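Here the structure comes first, spelled out in C-alpha cells, and everything after it is commentary.
Within every chain, numbering begins at 1; the chains are lettered A, B, ... in the order of the sequence lines, protein sequences first and strands thereafter. The structure presented is a predicted model; accordingly, all values stated were derived computationally and were not measured.
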Amino acid sequence: MPTITINKQAFEKLTGKKLPVEKLKDRISYLGTDLENVTKDEITVEIFPNRPDMLSIQGFARAFSSFIGHKTGLKNYEVEDSKEKVIIDKSVSKIRPYTACAIVKGIKYDDEKIKEAIDVQEKLHITYGRNRKKVAIGIYPFEKIKTPITFMAKKPEDIIFQPLEFSRKINARQILSQHPAGKDYGHLLEGLDKFPVFYDANNEVLSVPPIINSHKTGKITEKTKDVFIECSGFDFRVLQKCLNIIVTAFADMGGKIYSLKLHYPDKTFTTPDLNPEEMKLDLNYVNKLLGLDLKEPEAKKLLEKMGYGYKNKKVLIPSYRADILHQSDLAEDIAIAYGYENFKAEIPKVATIAEEDKFEVFKNKVADILVGLNLIETATYNLTNAKFQNKNMLTNLHLIELANSISSEYDVLRSWVIPSMLEILGNNKHHDYPQRIFGMGTVFKINNKKETNIEENERLAITLAEEKTGYTKIKQILDYLLRMLNTRYEIEETEHPSFIPGRVARVKVNNEKIAYIGEINPQVLENWELETPVTALELNLTDLFSAINKI
Amino acid sequence: MDLKKLIQTLHPLERKVLPVLDTPNSVKEISKKTNLQEIEVMRALQWLQNKAIINLNEELNETISIDDNGKNYQEKGLPEKRFLQSIKDQELSLEEIKSNLDLSNEELSISLGILKSKAAILIKKDKEIKVKITLQGKNLLDKGFPEEEFLKKKFPINISELKDLDKLTFNNLKKRKKIIKVDLIKKRIPELTDLGKKIIKQGITEKDVLDCLTAAMLKTGSWKNKKFRHYDVKTNVPEIYGGKRHFVQQAINYIKRIWLDMGFKEMKGNLVQTSFWDLDTLFVPQDHPARDMQDTFYIKNPRFGKLPKSLSEKVKATHENGWTTGSKGWQYKWSENIAKENLLRTHTTVLSAQAIAKLKKDDLPAKFFSVKSVYRNETLSWKSLFEFIQVEGIVVDPGANFRNLQGYLKDFFKKMGFPDVRLRPAHFPYTEPSCEVDVWHPTKKEWVELGGSGIFRPEMVKPLLGFECPVLAWGLGMERTIMEYYNISDIRDIYKNDLKQLRETKIWMK
C-alpha cells in the first residue's frame with residue numbers, strides 16, 4: 001500500500017498545529033491511516049486505498065487538521081471560469097473517451113513543490129488510476145500552451161514529438177519501444193490503430209496518454225506558475241474525482257483553481273466541479289449500526305471533524321472524496337471522529353448453539369485412532385507439481401494446473417496424497433527409522449456437475465517406511481482403523497503402477513471404492529531416492545464418511 | 001552409599017567387566033576377555049565411572065599408518081632406490097630413467113634431490129642431462145635405504161614406540177606425499193579407584209540376588225526369600241517418541257475450541273471457488289488490485305465455473321448501481337466472465353458469504369466460524385507462504401452493532417490470552433466500519449497487530465441474505481500465533497515435516 005512521507009515542519013505549518021510526538025502518533029493512527037514512522041524531521045504514513053485524497057501532503061494535512069478539531073467542516077474551494085476550452089474529437093470515443101481538465105494558477109514552483117506535484121500524480125496513477133489503466137494524469141506548464149486544446153485520436157506514426165526527457169523527436173509507435181515510459185505502459189495501448197493525443201492550438205503535441213508528455217509543452221520547471229491539468233480515461237465520474245483530488249491539493253499549495261469548458265461531440269461539461277455531493281443521513285441507522293445515541297448536533301460536529309458539511313439532515317460530501325457510496329461510509333467516518341477508543345465494548349446476551357462440522361469431527365477421530373498406533377501426523381500443501389504427482393509415481397493422472405503460479409514446484413492441484421508422503425520420507429532419510437507417518441489433504445478432479453467444474457475430496461494417506469515393512473503391516477492398520485470405525489470392508493486385487501504387482505489391493509465399503517493399499521514399487525522408491533521399503537494406503541475420507549452415514 | 005548397597009546396584013555388564021580391571025586394559029582387550037561388545041564395555045565403564053568405582057584415563061596416541069603411495073612403494077620399492085638401481089651399471093639420461101621406471105615428474109625430482117643430498121649420483125650436463133652412480137651410491141645400494149626398511153614394519157605403529165633412528169626416518173617420510181599418515185587416537189584406559197579396589201576385594205558375586213523377574217519365577221515362586229539387584233534409578237534412559245497430531249492441527253483444534261465455547265457453528269466449503277463467490281459477492285469491484293494475477297492463483301482448466309443465476313443478478317446490480325441497498329454502487333459495467341473465473345480461495349470470507357446466503361430470517365441470530373486454508377500467489381520465503389490458515393468468525397444478528405463487535409473481539413482475544421484489545425480504523429473492501437485489531441502483548445510489552453475486523457457492507461449482505469442485517473466479522477492468520485508459541489522464526493518450518501522436529505515438538509498446551 002502506498003505511503004507518503006511528510007516534512008514535519010511543513011506538516012505543522014499546513015495543519016496549523018504543533019502536537020507532542022506521542023499525541024501526533026496517536027491521532028494519526030486513529031484517523032484511519034497507518035502510521036509507519038515518525039522521526040525528528042519526517043512523518044511516514046500508509047494511506048489506505050479508499051482515501052486517495054490523502055495521497056498528497058496537502059490532502060493528508062487537511063484531513064488531519066480537521067480531525068484534531070483545528071479546521072473543521074467542509075472546506076470551500078473557489079473556482080473561477082478560465083474562459084478556455086478543450087475540444088474532444090469524436091475519434092477518441094472508442095479509444096479513450098473521456099478527459100476532465102482544469103487550470104491552476106499562481107503557484108511558485110520550487111524544487112519541493114515540483115517534487116510534491118509529481119509525487120501526488122504518481123501515487124494517484126498507481127492506486128486510484130490502477131497503474132494508469134483507469135486514469136492517466138497529465139500536468140503541463142500553461143504558459144507554453146496555446147488554447148484551445150484538442151483531444152483526438154491519430155495514427156501513432158503521424159504523432160511526432162519529443163517525449164519527456166528524451167533527446168529527439170520520434171513518433172508515438174517508436175515511443176512504445178524506445179522510451180522507458182513507453183515500455184512500461186505501452187501494453188495499455190495494445191491493439192489500437194489510433195492513439196489518443198492532446199494538441200494545442202499551434203498543433204503542438206502535449207501528450208499521448210496514458211504514456212508520456214511532450215518535453216516541450218509538458219514539463220514543469222521552476223519558471224512555471226500556471227498549470228493545465230488533465231485526467232483521461234474511460235469513466236468520466238472517476239476522472240472528475242481524480243481531478244478534484246489534484247486541484248484541491250494544488251489549491252492548498254497556494255494556487256487558484258480555474259475551470260474549462262469541455263466540448264464533447266454531443267455535450268458540454270465544465271470541470272472541475274467542486275460542488276459537494278449531498279447524501280441524506282438517517283441518524284437512526286447510524287446510531288443502530290454503531291450502538292450509539294447521537295443527537296443531530298453531535299452528529300453534525302463529528303461529521304465536520306471528518307471534513308463534511310451538514311445541512312438540513314443532509315451531509316455535504318467534499319468533492320475530493322471518492323469512497324462514499326453508502327450511508328455506512330458516513331457511519332464509519334462518524335465512528336472515527338467519535339474515536340474507536342471511546343466505544344464501550346459490550347457483548348450482547350444472544351444465545352446460539354455451537355456446532356463443529358461433522359466431517360471435521362470424523363477426521364479428528366480417524367487421526368486419534370492413527371496416533372494410537374504410534375503414527376505421526378504431517379501437514380502438507382495441496383499445491384504440488386506434475387513430477388511428484390505422476391512422473392515419480394509412474395502414473396498418468398489428470399492434474400488440474402494453475403494458470404499463473406510463480407513457482408514451478410507448486411503449479412498443480414494434487415490428485416492424490418501418497419506422493420506428498422513420499423516427498424516427506426525423501427527429505428527425512430537422515431532421521432531414525434521406522435518412519436510411520438500419515439497426512440490428510442484435499443485432492444481435486446474435474447467434475448462438470450460441480451459449480452466450479454472441479455470436485456474436491458479429502459483423503460488420508462499413510463506410509464510406513466521401515467526395513468521390515470510389508471503388505472501385512474499396512475493391512476493391519478487399515479483393518480484396525482475400519483474395525484474401530486465399526487465399518488465392514490471388502491478387499492480385491494487390483495493393479496496400480498505405483499505399487500508392486502500382486503501386492504496392491506482396492507478397498508470397498510458399502511460397494512464404494514474408498515482406498516488403495518499396497519507395497520510401493522521399488523522403481524518409485526528409487527525415483528524418490530528412498531533406500532527403505534515403503535508400504536502405503538490412500539483412503540478417501542469424504543466417501544468413507546458418507547458411506548458410513550448411509551449404513 | 002555403603003559398599004554393600006553399591007554392589008547390589010551393579011548391572012550385569014558392570015559385573016562382567018569389573019573382574020578384568022585389576023590390570024590396566026584397553027576397551028578392546030576388555031571386550032576380548034569378557035566376550036562383550038565394545039559398546040557394552042563402554043557403557044559399563046561409563047556407569048562404573050559415574051559410581052566412582054573406576055577412573056577413565058584418556059590417553060592420546062599418535063599412530064602411524066601407511067598411505068596410498070606408501071602401499072605402492074611397499075611393493076615396488078622407493079622411487080629413489082629404483083632410480084639408483086637402474087643406473088648401477090650404466091649412465092642414463094633423466095628421460096630414460098623416467099620412462100624406464102614409469103616415474104611421475106614429482107617422483108623423479110624427489111629422487112634426484114634425495115640422491116644428490118646423499119652424494120649418491122653425479123649429474124653431467126651434455127646435450128642432455130646424464131646421471132651416473134658414485135661410490136657412495138653403490139655403498140648405499142648395498143647397505144639399503146632406511147626409509148624402505150621403515151616401510152617394511154608392521155603398521156599401525158605407535159609413535160611413542162619409535163626409536164631415535166626410526167624417528168629421523170619417520171620425519172623424512174612424513175614430509176613426502178601420501179606415504180604415511182598419522183592419526184590421533186583417543187584411548188580410554190580404566191583404572192580402579194580405591195573404592196573400586198575395595199569392591200573387588202569384597203567380591204562382587206552375591207548369592208541369591210536376582211536380576212530380572214521372570215514369569216517362570218512367579219510360577220515356581222523361586223523369587224521368594226531372594227533379593228533383587230538394586231537399580232540406579234537416576235540413570236538416563238534412551239528417548240522414545242510416540243504418535244502425535246501435527247502441531248498445526250493441535251493449534252487449529254485449540255482455536256476451534258474457543259469458537260465453539262462462544263457458541264459459533266463451523267463453516268465449510270471448497271478451496272476452488274469462482275471469483276464470483278470469492279470477490280464479487282464481497283462487493284470487491286472487478287478492477288480491484290486483489291484480483292490481479294500476482295495476488296491470486298487462477299485455475300488454467302477448467303478456467304470458468306458457473307454462476308447462481310438469481311444471486312448473480314443481484315450482485316451485478318449492486319456493483320453497477322447499488323441495487324436496492326441504498327448505495328451508489330461502483331458504477332461500472334459488471335462482467336459475468338470475470339465473475340466466472342475459478343481461483344483458489346483468497347480468504348475464508350468466501351465461506352462466510354456462502355453461509356450468509358443459506359440463511360433465512362428465522363435462523364437469526366446466527367454465528368459462524370472457520371479455521372481453514374487460503375491461498376495467495378507468493379513465493380515461499382522465510383516470511384511468506386502461498387497456502388496458509390485463516391481464522392474467521394461472523395455474527396449475523398439484526399440487533400448487532402459496532403460496540404458488540406468490540407465486545408466479541410475482547411472476549412475472543414481474552415480466550416487467546418490477550419486480555420487487552422484495541423481497535424484502530426482500517427480499510428477492507430467489504431467492511432464498513434473496518435478496524436485493525438491490536439492486542440497488548442504481555443511479554444513484548446507493546447501493542448501488536450493481530451487481526452482485522454469490521455461490519456460487512458450492506459452491498460455485500462443484502463444480495464446474499466435478501467434483507468439488510470448487520471454482520472460482524474473478524475479474523476486473523478493462524479501461522480503467526482503458531483510461530484510465536486513454538487518460537488519459530490522461518491514460517492516455512494511450520495510445513496517442513498522434518499520428522500525430528502515432529503517427534504520432538506512439544507504438545508500445544510494452550
Between [X] and [Y] (side chain of the first, backbone of the second, donor and acceptor by atom type, cut-off under 3.5 Å), is there such a pair?
X	Y	result
B:Asn377	A:Asn404	yes
A:Asn428	B:Asn497	yes
B:Arg403	A:Lys344	yes
A:Glu377	B:Arg245	no
B:Asn401	A:Leu292	no

Does any backbone or side-chain atom of [X] lie under 4.5 Å from a heavy atom of chain A? Answer side chain, backbone, both or neither.
X	value
B:Lys372	side chain
B:Phe247	neither
B:Glu449	side chain
B:Phe456	neither
B:Arg503	both
B:Leu344	side chain
B:Ser370	neither
B:Leu380	side chain
B:Arg422	side chain
B:Glu468	side chain
B:Arg457	side chain
B:Asp261	neither
B:Trp330	both
B:Phe297	both

Structural part of [X] lying under 4.5 Å from a heavy atom of chain B:
X	value
A:Tyr338	neither
A:Leu413	side chain
A:Phe444	side chain
A:Glu46	neither
A:Glu456	side chain
A:Ile324	backbone
A:Leu375	backbone

Most contacts with chain B, counted as non-hydrogen pairs under 4.5 angstrom, among A:Pro348, A:Gly32, A:Ser407: A:Pro348

Sub-4.5 Å side-chain heavy-atom contact between [X] and [Y]:
X	Y	value
A:Phe343	B:Leu423	no
A:Glu332	B:Pro425	no
A:Ile376	B:Tyr241	no
A:Ser328	B:Ile455	no
B:Lys256	A:Glu360	yes
B:Tyr375	A:Leu383	yes
B:Trp447	A:Ser29	no

Would you tell me whether [X] and [Y] have side-chain atoms, one donor and one acceptor, within less than 3.5 Å of each other?
X	Y	result
A:Asn453	B:Lys306	yes
A:Glu356	B:Trp259	no
A:His431	B:Asp498	yes

Matching residue for B:Val272 among A:Thr452, A:Ile400, A:Asn382, A:Thr442 - test: side-chain contact (heavy atoms from CB on, under 4.5 Å): A:Thr452

B:Phe402/A:Tyr340 aromatic ring centres below 6.0 Å: yes

Residue pair A:Asp432, B:Lys500: steps toward the side-chain contact (heavy atoms from CB on, under 4.5 Å) verdict: CA-CA 8 Å; A:Asp432 294 346; B:Lys500 188 169 153 58; over 6 Å; no

Partner chain A: residue of B:Gly322, B:Gly305, B:Ala366, B:Ser327 with the largest heavy-atom pair count (under 4.5 Å): B:Ser327

For chain A, the option from B:Gln406, B:Gln331, B:His246, B:Met267 that forms the most heavy-atom pairs under 4.5 Å: B:His246

From CA spacing to verdict: side-chain contact (heavy atoms from CB on, under 4.5 Å), A:Asn364, B:Gln249: CA-CA 9 Å; A:Asn364 272 332; B:Gln249 197 55 51; 4.2 Å; yes

Stepwise salt bridge (Lys or Arg N to Asp or Glu O under 4.0 Å) check, B:Asp287 with A:Lys134: CA-CA 9 Å; B:Asp287 71 343; A:Lys134 206 170 170 184; 3.1 Å; yes

Residue pair A:Leu325, B:Phe283: steps toward the side-chain contact (heavy atoms from CB on, under 4.5 Å) verdict: CA-CA 12 Å; A:Leu325 303 180; B:Phe283 196 53; 3.7 Å; yes

Verdict with supporting geometry, B:Lys496 and A:Asn427, side-chain contact (heavy atoms from CB on, under 4.5 Å): CA-CA 9 Å; B:Lys496 198 167 66 173; A:Asn427 290 335; over 6 Å; no

More than 12 heavy atoms of other groups within 6.0 Å of B:Lys328 NZ: yes

Atom pair OH (A:Tyr381) and CZ (B:Phe388), whose distance is rounded to the nearest 0.5 Å: 11.5 Å

